[in-house]
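Structure first, then comments.
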Amino acid sequence: MKELKTLKEKGLLRDIKDRESSQGKAIIIKGREYINFASNDYLGLSSHPKVIEGAKKAFERFGGGGGASRLLSGGTVLHEELESLIADFKGTEKALIFNSGYSLNTGVIPSISNESDAIFSDELNHASIIDGCKLSRAKKYIYRHKDTEHLKELIKDVKAEKKIVITDGVFSMDGDIAPIKDICRLCKDEGAMLYIDDAHATGVLGRGKGTLEHFGIKPEPWIIQMGTLSKALGSFGAFVAGSCDLIEWLINTSRSFIFSTSLPPSVIGASIEAIKIIKKDISLIDNLWANRNKLAQALNESGFNTGKTETPIIPMMMKDIESTIKLSSELMQKGIYAPSIRPPTVKTPRIRLTVTASHTDEDIEILLRALKDFTF
């Protein structure tokens, strides 16, 4: 079809490179090993022995798939245990598990808003938030990235029964952190709800608890926190944490929860162990930040444009699509996996590096040496 041909001509055609190994700081693709700088497995928990054992035990006890939705017979006592662990971890009354971060945002946002409400969304929010807002019947207002003054102007000018501010905690392509303290203050002053997507903050910021803990803010009934089990926790799925009334409402109204088969018990068992690990010991998080700071500092000293990153997501901004693809290809030839990120995912092409707790000093040095050889 001509549309595919157009994508190819513009250097925007994507392909899939499936690995032949477990997730981790090193992966195997088509028989060759690569140092992996494209994983959201920030703490290396996807291959942690306790996480694997948790999955095995759950599989042996409860079998393979969920078999039905939670509202029918799909849930197990492990699902309830995980939700209790999450609520305790995030400091909320209750929590509810969804099948993915995407299904959560597209299920929760329409559920908590209606045609009398107004949603205020950061312009760089994740695609799942954008789609969740589109599915909502509320009026939508986009504020400039992290611009709380613009947000304030919009909130004050708009009349609505309920006002909801939605933001990523950590922005997935730029690695910067939302000004949650200022946004919280504004929401409190204006009587607005705050919805935080902590997909890339859970297990990373605030001793793993996320952006509220990072800024020293206590959870409130008007704050909704979501997060994923699939990134720093090394498993799969997502959760929303908040008040008892919120969770009960979502159980009864959120279509992506009601009409989805529950997550398999093995996934739940893995997630339980992952949360237990980071609640007990934050050394993996300390290792993650040590690696992050080392790589970010070295890239900046070498003259690379890493934008406004503040987290283990470190973008290397490129001048055009051609040079982005070229750099990614040359890195792969040198045994480093770092795919190019291009429009329409982002406006500015980049190599999105993600460093993890599992990377060694040698891994980082190999990457830095490879980058020195690249001619821009």
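- Looking at heavy atoms from C-beta onward, Ile247 lies out of side-chain contact with Thr92 at the 4.5 angstrom threshold.
- Side chains of Arg61 and Thr76 form no contact here, defined as non-hydrogen atoms less than 4.5 Å apart.
- A side-chain N or O of Ser111 and one of Thr253 form a donor-acceptor pair less than 3.5 Å apart.
- Classification of Glu83 and Lys94 as a salt-bridged pair fails, no side-chain N sitting under 4.0 Å from a carboxylate O.
- Between the side chains of Asn300 and Thr306, at least one donor N or O lies within less than 3.5 Å of an accepting N or O.
- Closest heavy-atom contact between Ser256 and Gly107: OG-CA, 3.2 Å.
- There is a side-chain donor-acceptor pair under 3.5 Å between Ser283 and Asp281.
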Report the C-alpha separation of Ser46 and Asp41 in whole Å, then their side-chain angles, then the decisive distance to 0.1 Å, and conclude whether the side-chain hydrogen bond (donor to acceptor under 3.5 Å, both in side chains) test is met.
-> CA-CA 7 Å; Ser46 67; Asp41 184 20; 2.6 Å; yes
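- Arg342 and Ser328 share no side-chain donor-acceptor pair at under 3.5 Å.
- In this structure, His359 contributes its side chain and Asn36 its backbone to a donor-acceptor pair below 3.5 Å.
- The pair Arg369-Glu362 fails the salt-bridge criterion, with no side-chain N (NZ, NE, NH1 or NH2) lying under 4.0 Å from an Asp/Glu carboxylate O.
- Between the side chain of Arg70 and the backbone N or O of Gly75 there is no donor-acceptor pair closer than 3.5 Å.
- With hydrophobic clusters built from ILVMFWY side chains whose heavy atoms lie under 4.5 angstrom apart, Val240 does not share a cluster with Leu85.
- Hydrophobic clustering (ILVMFWY, side-chain heavy atoms < 4.5 Å, transitive): Phe239 and Val267 are in one cluster.
- A single hydrophobic cluster is not seen to contain both Tyr337 and Leu295; linkage of ILVMFWY side chains at heavy-atom distances under 4.5 Å, directly or through other members, places them apart.
- Thr309 approaches Pro315 most closely through the heavy-atom pair CB-CD, 3.8 Å.
- Between Ser358 and Asp363, the shortest heavy-atom contact is O-OD2, 4.3 Å.
- Remark: His79 NE2 to Ile272 CD1 distance equals 9.0 Å, nearest 0.5 Å.
- In terms of hydrophobic clustering, with Ile, Leu, Val, Met, Phe, Trp and Tyr side chains grouped at heavy-atom distances under 4.5 Å, Tyr34 and Leu367 are assigned to different clusters.
- Between Glu53 and Lys56 there is a side-chain heavy-atom pair separated by less than 4.5 Å.
- With respect to the salt-bridge test (charged N to carboxylate O, under 4.0 angstrom), the residues Lys146 and Glu310 qualify.
- No donor-acceptor contact under 3.5 angstrom links the side chains of Asp197 and Asn125, judged on distance only.
- Note: Leu250 CG to Phe98 CZ = 5.5 Å, rounded to the nearest 0.5 Å.
- There is no path of hydrophobic side-chain contacts, each under 4.5 Å, that joins Ile321 to Ile341.
- Among Leu233, Leu284, Ile313, the one residue that satisfies the side chain to side chain contact (heavy atoms under 4.5 Å, CB included) test with Tyr42 is Ile313.
- For the atom pair Ile109 CD1 and Lys134 NZ, the distance stands at 12.5 Å (nearest 0.5 Å).
- Gly64 approaches Pro264 most closely through the heavy-atom pair O-CB, 3.5 Å.
- With a 4.5 Å cut-off on side-chain heavy atoms, Lys294 and Asn291 do not count as touching.
- Here the closest heavy-atom approach between residue Pro349 and residue Thr324 is recorded as CB-OG1, 3.2 Å.
- Annotation: the span from Asn105 atom CG to Cys133 atom SG amounts to 8.5 Å, rounded to 0.5 Å.
- In this structure, Phe236 CZ and Lys231 NZ are separated by 9.0 Å, a value rounded to the nearest 0.5 Å.
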Taking it one step at a time, do Lys90 and Ile86 satisfy side chain to side chain contact (heavy atoms under 4.5 Å, CB included)?
-> CA-CA 6 Å; Lys90 300 292 279 188; Ile86 291 169; 4.2 Å; yes
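- Side-chain contact check for Thr148 and Asp182: no donor-acceptor pair (N or O, by modelled atom type) lies under 3.5 Å.
- Classification of Arg350 and Asp174 as a salt-bridged pair holds, one side-chain N sitting under 4.0 Å from a carboxylate O.
- Between the side chains of His214 and Thr211, no donor N or O sits under 3.5 Å from an acceptor N or O.
- Looking at Asp168 and His200, their side chains never come closer than 4.5 Å, going by heavy atoms from C-beta outward.
- Taken to the nearest 0.5 Å, the CZ atom of Phe215 stands 8.0 Å off from the CG atom of Leu205.
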Output a table of donor-acceptor pairs, distance under 3.5 Å, between side-chain atoms of residues 159-166 and any protein atom two or more places apart or on a different chain; print 'none' if there are none.
| unit_1 | atom_1 | unit_2 | atom_2 | d |
| --- | --- | --- | --- | --- |
| Lys162 | NZ | Ile112 | O | 2.7 |
| Lys163 | NZ | Ile155 | O | 2.6 |
| Lys163 | NZ | Val158 | O | 2.7 |

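- Counting heavy atoms from C-beta on, the side chains of Ile351 and Phe37 never come closer than 4.5 Å.
- Not one N or O on the side chain of Lys17 forms a donor-acceptor pair closer than 3.5 Å with the backbone of Ile29.
- Across all their heavy atoms, Ile142 and Asp122 have their closest contact at CG2-C, 4.3 Å.
- Inspection of the Ser128 and Asp131 side chains reveals no N or O donor paired with an N or O acceptor under 3.5 Å.
- For the residue pair Ser113/Ser136, the side-chain donor-acceptor check at 3.5 Å is satisfied.
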